[in-house]
Amino acid sequence: MRHIAIIGSGPAGYYTAEAAQKRWEDDVRIDIFDMLPVPYGLIRFGVAPDHQSIKGVSRRYEKTALSDNVRFVGNVCVGRDVTIPELQQLYDAVVLATGAPNDRPLGIPGEELGNVFGSAAFVGWYNGHPQFADLGPDLSGRHAVVIGMGNVALDVARILAKTDAEFEGADIVAHALDALRASHLQTITIVGRRGPHQIMMTPKELGELAHLERASPRVDRDDLPDEADDALLEPGLRKSVAHLRSFAAIPESVHADKPIEIAFDMFASPHELIGTDEDGAKVRTIRLERTRVEAGRAIGTGEFYDVPADLVVSCIGYRTSPIADVPFDERAGCFANDEGRILPGIYCVGWARRGPSGTIGTNRPDGFGVVEKIAEDIDNGALGRPDKPGRAGFDTLASERALDIVTFRDWKKIEEAEEAAAREGAPREKFVDIAAMIKARG
Ligand code: NAP
């Protein structure tokens, strides 16, 4: 029997468990750890609350979770409650599927001002992550600036722009919905340091901006390259650029009918965030530097201009949290690894392996890939004999340390309570603090 500990119960974790089950069938036992009492990581806390069809993939993970040789071990923080070397004593393989939960800093003056947030914090806030439930962004200003031209920037801009009615069927948490209801935003500026041909936004998600009830997207025609050049783009990007072209063609009468404008400000690099004296430490303005793109890189032109910014959300990517005793690649912001192998016996997968890129589905081949690495190490003898204690050993350690483990059965009770508390039309009202989650399991 082989024992595998997977750290992190998001998509990468569950796909790894699925792959290990397929590979070793009844000859493997898998424990999936999560520091929170609730599973699914990015699906619960990252995927936008109005994208419920994407969240539906958790049903597939539930099937894995309910099989006999897989167990959910919630409310256990690896690195605090139990160390990696301790897990290595207990399990043949430890797989880090911890994602990339930290914001990459912008690295410009004024980043520390009030009402400036990274997307991990801001998305975590509207998705009810316990760490960010008290973020308290001030949405009373008129101008929001969203930095970055990826799908997270799109999520944030769309969530800021939606009406109450447009959240029907969404599991946005009550504190965020209340704040958005009271918002006075008139402009949401999406800032990109490069141009239309370098956006990371995918067509389906970008197209959604054209169908918002009270907001219309605006693109400056002068920012668009020659249409003939679009032919050279890969098909997905070509479709996204076609959306930008259609946004540029939206007549002024349509903009005039909508109280919120989502303006794309491309060829613009964040230079400084500036607050005002009256508001003390709160942001009021973003200073941008005009850029031009040369050989795919944004080059500053030395021309600066200011855009009003009462709220700033930077959506420029994420970093993995380092864990004691595990080699970390500071430059890449993820664990140092060779195709998922950190060292024989310790592996990483998903964003913790390759950084924050790709769709949820990208993690499936990743999971299967890392299981192949484990299999290679078993076959070449690097993991020793199959005599590790596995979950029985962990249970002894957990009881010695009085860890309060949340099981998958407990999670189902928490889920039931969240579903019972849902406002009309919503799938659930999430608990946003750990104590409430634990209480709900009964
Ligand atoms: P992303 O796609 O890598 O986009 C990051 C953006 O930030 C890029 O436009 C990048 O510009 C910009 N940026 C980076 N550093 C910057 C800086 N210092 N100043 C200004 N701009 C900067 O990352 P993401 O939006 O965080 O998304 C992460 C992954 O999750 C992606 O694979 C995404 O597709 C996926 N995702 C998917 C969905 C969905 O399918 N619905 C939703 C959310 C996220 P440069 O290109 O110039 O570096």
Side-chain angles (χ1 to χ4, degrees), residues 10-12 41-57 99-111 116-124 126-127 145-159 170 189-209 236-237 239-240 244 264-273 286-300 307 309 312-320 332-334 350-363 366:
L42 183 91
I43 301 296
R44 180 175 167 108
F45 296 115
V47 171
D50 58 341
H51 280 171
Q52 286 297 312
S53 59
I54 301 181
K55 288 186 191 260
V57 72
N102 304 315
D103 283 304
R104 274 190 54 217
L106 270 169
I108 59 171
E111 195 165 7
V116 177
F117 305 104
S119 52
F122 196 77
V123 171
Y126 63 61
N127 266 333
V145 168
V146 178
I147 301 171
M149 300 270 261
N151 282 330
V152 173
L154 270 181
D155 281 346
V156 169
R158 188 184 68 254
I159 295 294
T189 304
I190 301 180
V191 170
R193 60 182 173 182
R194 298 191 292 160
H197 278 188
Q198 288 84 30
I199 58 168
M200 304 294 281
M201 298 163 168
T202 46
K204 184 170 163 288
E205 285 66 25
L206 185 55
E208 285 178 64
L209 292 193
L237 181 54
K239 279 191 203 156
S240 290
L244 294 180
F264 284 79
D265 196 347
M266 287 181 268
F267 303 104
S269 182
H271 181 74
E272 185 178 358
L273 295 164
I286 181 166
R287 182 155 298 159
L288 299 166
E289 181 177 12
R290 191 53 72 212
T291 64
R292 62 174 187 276
V293 174
E294 276 177 22
R297 285 172 56 90
I299 312 283
V307 169
V312 173
V313 186
S314 94
C315 310
I316 63 162
Y318 304 108
R319 290 172 67 83
T320 294
C334 58
W351 283 9
R353 173 180 86 78
R354 60 174 205 277
S357 65
T359 62
I360 287 161
T362 313
N363 295 301
D366 243 35

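Whatever order the structure lists ligands and atoms in, that order sets their numbers, starting from 1.
- In this structure, CZ on Arg297 lies 11.5 Å from OG1 on Thr291, to the nearest 0.5 angstrom.
- Looking only at heavy atoms of the protein, atom 36 (N) of ligand 1 is closest to Asn151 CB, 3.7 Å.
- In this structure, Ser269 does not count as a contact residue of ligand 1, since none of its heavy atoms falls inside 4.0 Å of the ligand.
- The proximity of Glu205 to ligand 1, defined as any non-hydrogen pair under 4.0 Å, is limited to the side chain.
- Salt bridge status for Arg290 with Asp265: present, with a side-chain N to carboxylate O gap under 4.0 Å.
- Scanning all heavy atoms of the two residues, the minimum distance from Ile299 to Glu294 falls at CG1-CB, 4.0 Å.
- At a 3.5 angstrom cut-off on N or O pairs, Gln198 does not count as close to ligand 1.
- Taking 4.0 Å as the cut-off, Arg104 counts as a neighbour of ligand 1 on heavy-atom distance.
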* **Stepwise side chain to side chain contact (heavy atoms under 4.5 Å, CB included) check, Ile159 with Phe122** => CA-CA 11 Å; Ile159 295 294; Phe122 196 77; 5.6 Å; no
* Please walk me through it: do Val146 and Thr189 pass side chain to side chain contact (heavy atoms under 4.5 Å, CB included)? -> CA-CA 6 Å; Val146 178; Thr189 304; over 6 Å; no
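- For the ligand labelled ligand 1, residue Thr359 lies outside the 4.0 Å heavy-atom shell.
- The main-chain N or O of Thr202 is found under 3.5 Å from a side-chain atom of Asn151 such that the two form a donor-acceptor pair.
- The N/O atoms of Ile147, backbone and side chain alike, include none that comes under 3.5 Å of an N/O atom in ligand 1.
- Taking a 4.0 Å cut-off on heavy atoms, Ser357 registers as neighbouring ligand 1.
- Remark: minimum distance from atom 21 (N) of ligand 1 to any protein heavy atom is reached at Ile316 CG2, 3.7 Å.
- The closest protein non-hydrogen atom to atom 2 (O) of ligand 1 is Met200 CB, 3.4 Å.
- Residue Trp351 approaches ligand 1 through these ligand atoms, each under 4.0 Å from one of its heavy atoms: 29 (C), 30 (O).
- For atom 10 (C) of ligand 1, the nearest protein heavy atom is 4.0 Å or more away.
- At under 3.5 Å, not a single nitrogen or oxygen of Tyr318, backbone or side chain, sits near a nitrogen or oxygen of ligand 1.
- The contact set between ligand 1 and Val152, taken as ligand atoms under 4.0 Å from a residue heavy atom, comprises 24 (P), 25 (O), 26 (O), 27 (O), 43 (C), 44 (C).
- Between the side chain of Asn127 and the backbone N or O of Val47 there is at least one donor-acceptor pair closer than 3.5 Å.
- Put simply, CZ on Arg194 and CD1 on Ile199 are 11.0 Å apart, with the number rounded to the nearest 0.5 Å.
- Taking every heavy atom of Met149 and a limit of under 4.0 angstrom, the matching atoms of ligand 1 come to 6 (C), 8 (C), 9 (O).
- Proximity to Asp155 (heavy-atom distance under 4.0 Å) selects the following atoms of ligand 1: 42 (C), 43 (C).
- One N or O on the side chain of Lys55 and one on the backbone of Ile43 form a donor-acceptor pair closer than 3.5 Å.
- Only the backbone of Cys315 comes within 4.0 Å of ligand 1, counting heavy atoms alone; no side-chain atom from C-beta on gets that close.
- Under a 4.0 angstrom heavy-atom cut-off, Pro356 registers as being in contact with ligand 1.
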* To do: List the steps, then state whether side chain to side chain contact (heavy atoms under 4.5 Å, CB included) holds for Ile108 with Arg287.
  => CA-CA 10 Å; Ile108 59 171; Arg287 182 155 298 159; over 6 Å; no
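- In the vicinity of Arg194, heavy-atom distances shorter than 4.0 Å reach the ligand 1 atoms 45 (P), 46 (O), 47 (O).
- Asp50 contributes no side-chain N or O that, together with a main-chain N or O of Ala170, makes up a donor-acceptor pair within less than 3.5 Å.
- Taking each of Gly150, Gly358, Gly148 in turn, the one with a heavy atom nearest to atom 35 (C) of ligand 1 proves to be Gly358.
- Under the 4.0 Å distance rule, the nearest protein heavy atom to atom 46 (O) of ligand 1 falls inside the cut-off.
- Here the side chain of Ser119 pairs no donor or acceptor atom with the backbone of Val152 at under 3.5 angstrom.
- Ranking protein heavy atoms by distance to atom 17 (C) of ligand 1, first place goes to Arg193 NH1, 3.4 Å.
- Asn363 and Arg353 are not linked by any side-chain donor-acceptor pair at a separation below 3.5 angstrom, with hydrogens and angles left out of the test.
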